[in-house]
Structures are given as C-alpha cells and as structure tokens.
Asker: 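Below are the structure tokens for one structure; questions will follow.
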Amino acid sequence: MHAYRTHTCAQLSKADVGEAVRLSGWVHRKRDHGGVLFVDLRDHYGITQIVADEDSPALPVLDALRLESVVTIDGEVKARDAAAVNANLPTGEIEVFARAVTVQSKADDLPLIVNSAEDYPEETRLKYRFVDLRRERVHANIMLRNKVITSLRRRMTDQGFSEFQTPILGASSPEGARDYLVPSRLHPGRFYALPQAPQMFKQLLMVAGFDRYFQIAPCFRDEDLRADRSPEFYQLDFEMSFVTQDDVFDAIEPVLAGVFEEFSGGKSVTPAGEFPRIPYAETMLKYGTDKPDLRNPLVISDVTEHFTSSGFGLFEKIVGGGGRVRVIPAPATHEKSRKFFDDMNDWARKEGFAGLGYVTRKGGEFGGPIAKNHGEEGMLKLYAELGLGENDGLFFAAGKEKDAAKLAGAARTRVGEELGLIEENCFKFCWIVDFPMFEYDEELKKVDFSHNPFSMPQGEMEALENTDPLEIKAWQYDIVCNGYELSSGAIRNHKPEIMYKAFEIAGYTREDVDANFSGMIEAFKLGAPPHGGSAPGIDRIVMLLADEPNIREVIAFPLNQRAQDLMMGAPSVVSARQLRDVHIRLSGEALEVQKDASEAETTRVDQAGE
RNA sequence: GCGGGUGUAGCUCAGUUGGUUAGAGUAUCGGCCUGUCACGCCGAGGGUCGCGGGUUCGAGUCCCGUCACUCGCGCCA
C-alpha cells in the first residue's frame, strides 16, 4: 500500500464499500459525540467523512488533534444509512471507518479558520497566506487562474504563436512607469531594471524573424497601487509580424472571447469578431473615460451650444471661457427625492470637482435652479435634442473640457450604479482605437507622447510632416472589459526615420533617441518587418472571471497595498556586506532603518535553491 | 504627496447623550454526549478599546496629533 494514500478525499463512492483504504489530508472539521467522532478529512480534491468509535484506536488520537493537523487514516469504506447520507458532499454516500491514524503534522492554534467563509483582515490573511490559500474561495481562485493560463497557452499555440522567454534583468528605459532597480555587483554604479513589460525584446524577436511570439510575461512597475493594480503582474504578451491592426484584433478576439466563454460560468460574453471599436475621442465624449463600462447604458452628451447664452450665468461664463457643458441623463427619476440629487452634488464635491448640477423633471415639469434660470423653452429644446422624456432628470458637468469629461464620466458611473442600471451577468468587451499620438503637457509646456512612443503614427511620415501634431492618431489600441483596461497594444513604428521624426516633435534629438533606444533603433536599421501586438493582463482577466473586486484575491502570494510581502518580510534590510558587494552606501532615513534593524534581521543564512 | 473608510478578546462584531465591573458569537482549554455533517449542552481563561496628548468629577464614546490597513485621487499601460 502507498505510504500516504490509496485514494484522494474526493474519490470514494458506494462502489468502494468494503475496501481497505488509506487517505491523507487536513482535519477540516470535527464533530465529537463522546463515543463516536466524525472528522471531515480534506485535501485539494475534496472532503471525506472519517468516523471513529470506541473500538478504534484512532479515536483518542483524532480527539486530541487540533483542526488543520495533517493525518493519514487507514480504514474501511462503509456505506452510510439512507438517513445519514450527505447530499452536499460528492463523497456523501460513504464514510471511512478509521482503524488506525498516523499524525503527519500537528497544527497549533490557527490565526484564521479554514472551514469558514468568514472574512478576515487582509493583513492576517497575507501573513498566513499558506493557511488562507487552503480556504475554499481563494483555493478555487488560484485554480481558476491555473486553468485560465493553461487555456490561454493552448489557444495561442493553436493559432501558431510560439512561446519565448525574455530577460528579467534588463536595462532601465526612460519612458513609462518607475522601474524596480537591481544594483550590479560587477559594474559599480550601474543597475539592472526589472521589465515593465518585455516590450523591446518581443519587437526584437519579430526583427529576428520568429513571426508570432507570445509569453506569460512577468511585469514589474514601481508605482502606487489600486485594487486592480499590483506592482508585479502577468501579461499574455504577444506580437505578430506583417500585420495590420485588423489582423491583431482578429487574432486576439477569439482568444479572449473564448477564454471568457469557457470560464464565465454562464455569463454572456461579447462574441469574437463583434468587439465594438470606439475611437478615443468618442469614448471621452460619450463615457468620459478611456475605459468605458458598456454594461452602463447611460451616454454622455455635449450640450455646450445650449449655454452660449443662457439665464444660467455660471454655465454661460464657463462656455464663454472656452469650457464645455456635458450632461448625464438620469432616466425615470421623477420619484427620486431632492436628497438624491443633492447627494450627487455632495459626492462630486467630495471627489474634488467643482460640483454637479442637475435638473429634475416630474410629469413634464422641470425643477432645480438650472432649469429655472435657463428657462422652460431652453429646457424643452435641450430635452428634445437629447430625446429625454417627461420623467427624466439630467446631471450637468461643466468646466474645462478635460475636467468636464472626467466629472461626467465619474457621474455616469455613479448615476448608473445608484439607479441600478448596470447590466449584470455579462462581460462587455470593446476596443478603444485611434489614440492621439501626442498630447500637450500643461506642466512642461510642450508636446509629448501621449502613449508608447514606439507606436506607428497613422499616416506615417506624411502625417508627421504635414499635420498638427495634436491631430495625429496612432495605431494604438486598448481592450476594455466592464470598465477595466485589460490590454494595451499597438502597431509599432519599425521605420527609424519616422521614429526620429516622432521624437523630434516631442522635443528629442536624434542623439537622444540613439542614446536611449540604441538596441531597438539599430535593429530597425538592419531589416525589420512591420509588426504589432498587445498584452492582456492576466490577473485582471482572472479577477473578472472570479468575480473578485481585488486583484490580490487571484494572486497566490500578493504584495499588500504598500508593496510588502507580510509573510516573507519583503522588502527587507540586508547586511552591510551585501550592500558593499553591490557598491551601495545608505544615508539619511535609509541608514537609520538599517541601523535600527536587529542583527538577526541582517544576518544572511545561505540556503541553496533548487 | 492628498482625500475617504476602518481600527474594541486569536478572529467577526455590538457598545445608547460621556456615567457602575466593556459584551455577544466564534476559536482555545476543561467536562458531558453513539450518527453528526456550521452537531449539541455546561463551565473557564482570554481586553494597553491602534498609539500619544487634551477636555472632563468621569472618555471605548468628544477634540488634537500620530500609526497601521484599505479604497480613491495624483502617479501608472
């Protein structure tokens, strides 16, 4: 007989009655009836009820064990009486009568309880993540993640993509997020950077002629966190040669739609080939964001023209100063109290906006200060244009275009949620396309890249030379699902002359480009295919599929909101010797921290890895 | 860096207008119980009310500061 088990805790059924079996697992739950003891034995696969009575030598041993101890049970499979069958358990028709027990590992008092769905503080959960991960929900999330990744791999290879690895220790590059830095021992004063994404390497693989690349790629960005942002995360990174934007869309839509259909648990998914394509300018107008949640039916409109002259002086003044007025409909709000509208305004102020105006309408009657001052005639005209009914309210976001769009976007979400308009049980995908190539940086008072500088401008060199830079679009696109940006990608700029020109517009010289992107620019001078790709975020995909509001719920060992590993103690102080090795001397606060750390903390116990 | 929320027993939470010895459930420990499956019953231990200061005859409760966690803004593809 095997040392630990003949079956898993999910395997036994009526067909095995009478068999002598050996099971191993964790003591999930105990029910002690004095002369008879029930133990739910749990492993990765399931739960089997173990029973011991006074005839069994296992009884006192199991009785004394705390929950989550690990045991091996030798016993006999018995059928349960009809009345004792547990229909909630796949193994509920049988139980194993314990003849003997071996304690593999005793558990102390637990910081959190595995057999309960109770919510524990994240701090506790992360510190004892190995216990937390035994709990049903997180365990299932991590297994879902595994299945999603397996499925993505299969779908990509089936489409002729090949999987590659790229370096983790790379060079810091100037654009984008802050890099995680790794000091070099062999090269004093020099640093590696962990990849924010394998961007250049995947492009170089295209230049190397591999045609279709993908990778489940670890990415690192040293920026502040959000619920959907971790400093280390994974992307389904891919790149293709000799492709147009449409080819990239055609390649990835079936992969994403397919994996969502496979794991959505019956929720509807935008079919492959039908992802709406929304230009950036349109999404900023209609949804007030570049990651619109299309489950929300509300659409923002620009009504600036209605307020060039208006009895409502505030809007007239804003419009006169070049500002915009945007509106969000609040359908069927005739029975909402004044408090509902005032609360929205309070919310907007709390969010740091100037305020959210509103008009109420009850049975055709307009209400609120804006309606009063703007006049009934003007309101009727406005409502007619917007196609609004006699019981529909309206929220107003006014200000500089950027601010008005942002407030309108936030208000659209808020109104949709408050009115219960968000469609449930669906995943709504869309592409955001035609991102601007450049934008005006108000702080630096200059034109700068609005996204990745390596995207091909639409119209290529001709556009760069003859168009207002702020009008130029890029072959740059995002995939958005339910308001989450899942992916960002582009058709790349593989022509050195166009790249020099694009950088020139953003105020960089040929020498700047050569110095910062030498590898890439050299490669493009030695025969580069047109190419493009994208990189869907795997953690966010799993988060959506698992219906979790937080990315850490789908990462086995996540860093907390302050980028610390509470279990392993990262980031940690290191010994003076380690610092010397990498030519680093601490000062100021950093030196104080190092000094205050206990000797044990800075003692390095060498251990061999695998 | 900024704003919001939270912080009371190992854990989840209650705690009134500032008023006697800060409670419940769960976990732990002890006892009872032969068919449970969130078993049940009896009992016990367990508290720097995050920390520091202030107001007050009196602070878990009010005020100021600070720390931790978290959500958002800034930042970030």
Side-chain angles (χ1 to χ4, degrees), chain A residues 28-42 47-56 59 64 66-68 78 80-89 91-92 95 97 107-128 131-132 175-179 196-197 199 219-231 233 235 237 290-291 347 349-353 406-407 410 413 432 435 443 449-455 476-480 484-490 534-537 540 549-550 552 560-562 564 566:
Chain A
H28 185 64
R29 209 188 308 268
K30 291 197 294 183
R31 291 174 293 280
D32 183 357
H33 289 258
V36 62
L37 172 69
F38 299 97
V39 171
D40 290 339
L41 192 69
R42 183 197 74 240
I47 285 175
T48 298
Q49 175 164 284
I50 309 296
V51 61
D53 64 18
E54 280 166 337
D55 298 335
S56 168
L59 180 71
R66 270 194 284 265
L67 298 184
E68 294 306 306
K78 294 194 167 177
R80 297 203 201 180
D81 290 342
V85 165
N86 184 346
N88 298 321
L89 219 55
T91 60
E95 61 195 8
F97 183 84
D108 283 343
D109 277 358
L110 293 160
L112 45 83
I113 299 162
V114 174
N115 67 35
S116 120
E118 195 163 3
D119 209 11
Y120 287 92
E122 198 164 16
E123 213 171 343
T124 308
R125 294 181 53 201
L126 294 185
K127 185 164 181 193
Y128 299 96
V131 178
D132 189 40
E175 93 291 354
R178 274 187 211 98
D179 286 319
Q196 294 180 26
Q199 186 61 35
C219 305
F220 306 86
R221 290 174 195 167
D222 188 1
E223 294 291 348
D224 288 344
L225 308 186
R226 291 287 184 278
D228 64 347
R229 246 159 54 186
S230 166
F233 58 99
Q235 292 182 333
D237 194 41
D290 61 358
K291 38 182 186 175
W347 159 82
R349 288 168 159 276
K350 228 172 138 187
E351 292 285 307
F353 297 103
K406 198 175 162 194
L407 169 56
T413 301
I432 306 301
F435 277 86
E443 229 171 88
F449 292 107
S450 71
H451 276 79
N452 184 332
F454 305 120
S455 301
Q476 166 92 36
Y477 38 82
D478 284 0
I479 295 176
V480 174
Y484 288 94
E485 179 194 313
L486 278 193
S487 169
S488 192
S534 190
R540 284 186 189 165
N550 186 310
R552 295 185 292 276
N560 72 359
Q561 203 264 350
R562 299 223 303 155
Q564 297 163 302
L566 299 177

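Order of the sequence lines sets the chain letters (A, B, ...), proteins ahead of strands, with each chain counted from 1.
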Asker: Would you state whether a donor and an acceptor, one from the side chain of A/Asp224 and one from the base of B/G74, lie under 3.5 Å apart?
Answerer: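 Between B/G74 and A/Asp224, which were checked side chain against base, a qualifying N/O pair under 3.5 Å is present.
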Asker: With a non-hydrogen cut-off below 4.0 angstrom, is A/Gln49 in contact with a base, only sugar-phosphate, or nothing?
Answerer: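 Base contact.
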Asker: If you take all heavy atoms of A/Ala107 and A/Arg66, which pair is closest and at what distance?
Answerer: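 Reported closest heavy-atom pair: O-NE, 3.2 Å.
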Asker: Nucleotides 70-72 of chain B: which of its N/O atoms have a protein N/O under 3.5 Å away?
Answerer:
unit_1: B/U70; atom_1: OP1; unit_2: A/Gln561; atom_2: N; d: 2.8
unit_1: B/U70; atom_1: OP2; unit_2: A/Gln561; atom_2: N; d: 3.3
unit_1: B/U70; atom_1: O3'; unit_2: A/Arg552; atom_2: NH2; d: 3.3
unit_1: B/C71; atom_1: OP1; unit_2: A/Asn550; atom_2: ND2; d: 2.8
unit_1: B/C71; atom_1: OP1; unit_2: A/Arg552; atom_2: NH2; d: 2.7
unit_1: B/C71; atom_1: OP2; unit_2: A/Arg552; atom_2: NH2; d: 3.4
unit_1: B/G72; atom_1: OP2; unit_2: A/Ala227; atom_2: N; d: 2.8

Asker: Specify the residue among A/Thr124 and A/Val36 whose closest nucleotide of RNA chain B lies further upstream toward the 5′ end.
Answerer: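 The 5'-side residue here is A/Thr124.
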Asker: Specify the separation, in whole Å, of atom CZ of A/Phe353 and atom C1' of B/C73.
Answerer: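 Rounded to whole Å, this separation is 9 Å.
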Asker: Under 4.0 angstrom, heavy atoms only, what part of the nucleic acid is A/Glu95 near: base, sugar-phosphate, or nothing?
Answerer: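 It contacts base atoms.
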Asker: Using side-chain contact (heavy atoms from CB on, under 4.5 Å) as the criterion, list what pairs up with A/Phe97, not counting sequence neighbours.
Answerer: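 Result, side-chain contact (heavy atoms from CB on, under 4.5 Å) vs A/Phe97: A/Val51, A/Asp53, A/Ser56, A/Lys78, A/Arg99.
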Asker: What's the shortest heavy-atom distance between A/Leu225 and A/Gln561, and which atoms?
Answerer: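 It is CD1-O, 3.3 Å.
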Asker: Could you write out RNA chain B as a dot-bracket string, with dots for unpaired bases, | for bases paired across to another strand, and Watson-Crick or G-U pairs counted at under 3.5 Å?
Answerer: (((((((..((((.....[...)))).(((((.......))))).....(((((..]....))))))))))))....
Asker: A/Asp478: which residues meet the side-chain hydrogen bond (donor to acceptor under 3.5 Å, both in side chains) condition with it, sequence neighbours left out?
Answerer: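 side-chain hydrogen bond (donor to acceptor under 3.5 Å, both in side chains) check on A/Asp478 returns A/Ser488.
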Asker: How would you list, by chain and number, every residue that makes a side-chain hydrogen bond (donor to acceptor under 3.5 Å, both in side chains) with A/Ser230, sequence neighbours excluded?
Answerer: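 Listed in chain order: nothing, the list is empty.
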Asker: For A/Arg31, give me all partners under side-chain hydrogen bond (donor to acceptor under 3.5 Å, both in side chains), at least two apart in sequence or on another chain.
Answerer: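 Here the qualifying residues are A/Asp40, A/Gln49.
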Asker: With sequence neighbours excluded, what pairs up with A/Gln564 under the side-chain contact (heavy atoms from CB on, under 4.5 Å) test?
Answerer: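 Testing A/Gln564 for side-chain contact (heavy atoms from CB on, under 4.5 Å), a comparison that skips the adjacent residues, returns A/Asn560, A/Arg562, A/Leu566, A/Pro571.
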Asker: Using the C1' atom as the point on both nucleotides, what is the distance between B/G3 and B/G46, in whole Å?
Answerer: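 Looking at atom C1' only, B/G46 and B/G3 are 38 Å apart.
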Asker: Which residues satisfy the side-chain contact (heavy atoms from CB on, under 4.5 Å) test with A/Asp32, sequence neighbours excluded?
Answerer: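 A/Asp32 satisfies side-chain contact (heavy atoms from CB on, under 4.5 Å) with A/Leu37, A/Asp63 once adjacent residues are dropped.
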Asker: Can you check the A/Lys78 NZ to B/U36 P distance for me, whole Å?
Answerer: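 For the pair A/Lys78 NZ and B/U36 P, the rounded distance is 17 Å.
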Asker: Rounded to whole angstrom units, what separation is found between the CG atom of A/Asp222 and the P atom of B/G1?
Answerer: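 So the CG-P distance, A/Asp222 to B/G1, works out to 14 Å.
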Asker: Whole Å only: how far is the CG atom of A/Asp478 from the C1' atom of B/C76?
Answerer: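 My rounded result for the distance is 13 Å.
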Asker: For nucleotides 24-31 of chain B, give me one character per nucleotide, 5' to 3': B if any protein heavy atom sits under 4.0 Å from the base, S if the only such contacts are to the sugar-phosphate, - if neither.
Answerer: --SSSS--
Asker: Check whether any side-chain nitrogen or oxygen of A/Gln564 sits under 4.0 Å from OP1 or OP2 of B/C69, and answer yes or no.
Answerer: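 Affirmative; the distance criterion is met.
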Asker: Rounding to an integer number of Å, can you tell me how far A/Arg540 CZ sits from B/C76 P?
Answerer: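 Nearest whole value for this atom pair: 14 Å.
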Asker: So with a 6.0 Å cut-off around CZ of A/Arg178, is the heavy-atom count from everything else above 12?
Answerer: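 No.
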Asker: If we take the P atom in both B/U26 and B/G65, what is their distance in whole Å?
Answerer: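 To the nearest whole Å, 41 Å.
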Asker: Once you round it to whole Å, what is the distance between C1' of B/C33 and CZ of A/Phe38?
Answerer: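 Value for this atom pair: 12 Å.
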Asker: Describe the nucleic acid contact of A/Gly176 in one word from base, sugar-phosphate, nothing, applying a heavy-atom distance below 4.0 Å.
Answerer: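 Sugar-phosphate only.
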Asker: Which atoms form the tightest heavy-atom contact between A/Cys219 and A/Ala197, and what is the distance?
Answerer: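 Heavy atoms only, the tightest pair is SG-CA, 3.9 Å.
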Asker: Considering residues at least two apart in sequence or located in another chain, which fulfil the side-chain hydrogen bond (donor to acceptor under 3.5 Å, both in side chains) criterion with A/Arg42?
Answerer: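 Listed in chain order: A/His28, A/Glu68.
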Asker: Which atom pair, heavy atoms only, marks the closest approach of A/Glu95 to A/Phe38?
Answerer: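 The pair with the smallest heavy-atom distance is OE1-CE2, 4.3 Å.
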Asker: When you get a sec, tell me which of B/C76, B/C69, B/C37 is the closest nucleotide to the side chain of A/Arg80?
Answerer: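 Nearest to the side-chain atoms of A/Arg80, counting from C-beta on, is B/C37.
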Asker: At less than 3.5 Å, do the side-chain atoms of A/Arg221 and the base atoms of B/C76 form a donor-acceptor pair?
Answerer: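 Side chain to base: no pair below 3.5 Å.
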Asker: When rounded to the nearest Å, what value does the distance between P atoms of B/A22 and B/G45 take?
Answerer: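 Looking at atom P only, B/A22 and B/G45 are 14 Å apart.
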Asker: Between B/G74 and A/Lys406, is there an OP1 or OP2 to side-chain N/O distance shorter than 4.0 Å?
Answerer: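 True: A/Lys406 side-chain N/O within range (under 4.0 Å) of B/G74 OP1/OP2.
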Asker: What's the shortest heavy-atom distance between A/Arg80 and A/Asn86, and which atoms?
Answerer: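 The pair with the smallest heavy-atom distance is NH1-CB, 3.6 Å.
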Asker: Among all residues two or more places apart in sequence or in another chain, which pass the side-chain contact (heavy atoms from CB on, under 4.5 Å) test with A/Thr124?
Answerer: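 For A/Thr124 the side-chain contact (heavy atoms from CB on, under 4.5 Å) partners, ignoring immediate neighbours, are A/Pro111, A/Leu112, A/Pro121, A/Tyr128.
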Asker: Expressed as a whole number of angstroms, how long is the span from A/Gln235:CD to B/C76:C1'?
Answerer: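 A/Gln235 atom CD is separated from B/C76 atom C1' by 12 Å.
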Asker: List, with names and distances, any nitrogen or oxygen atoms from the protein found under 3.5 Å away from nitrogen or oxygen atoms belonging to nucleotides 39-43 of chain B.
Answerer:
unit_1: B/C39; atom_1: OP2; unit_2: A/Arg29; atom_2: NE; d: 3.2
unit_1: B/C39; atom_1: OP2; unit_2: A/Arg31; atom_2: NH1; d: 2.9
unit_1: B/C39; atom_1: N3; unit_2: A/His33; atom_2: ND1; d: 3.3
unit_1: B/C39; atom_1: N4; unit_2: A/Asp32; atom_2: O; d: 2.2

Asker: Using whole Å, what does the distance between atom P of nucleotide B/C69 and atom CG of A/Asp119 come to?
Answerer: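 Between P of B/C69 and CG of A/Asp119: 18 Å.
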Asker: Work out which heavy atom in A/Thr48 is nearest to a heavy atom in A/Thr91; give both atom names and the distance.
Answerer: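 Scanning both residues completely, I find the closest heavy atoms to be CA-OG1, 3.8 Å.
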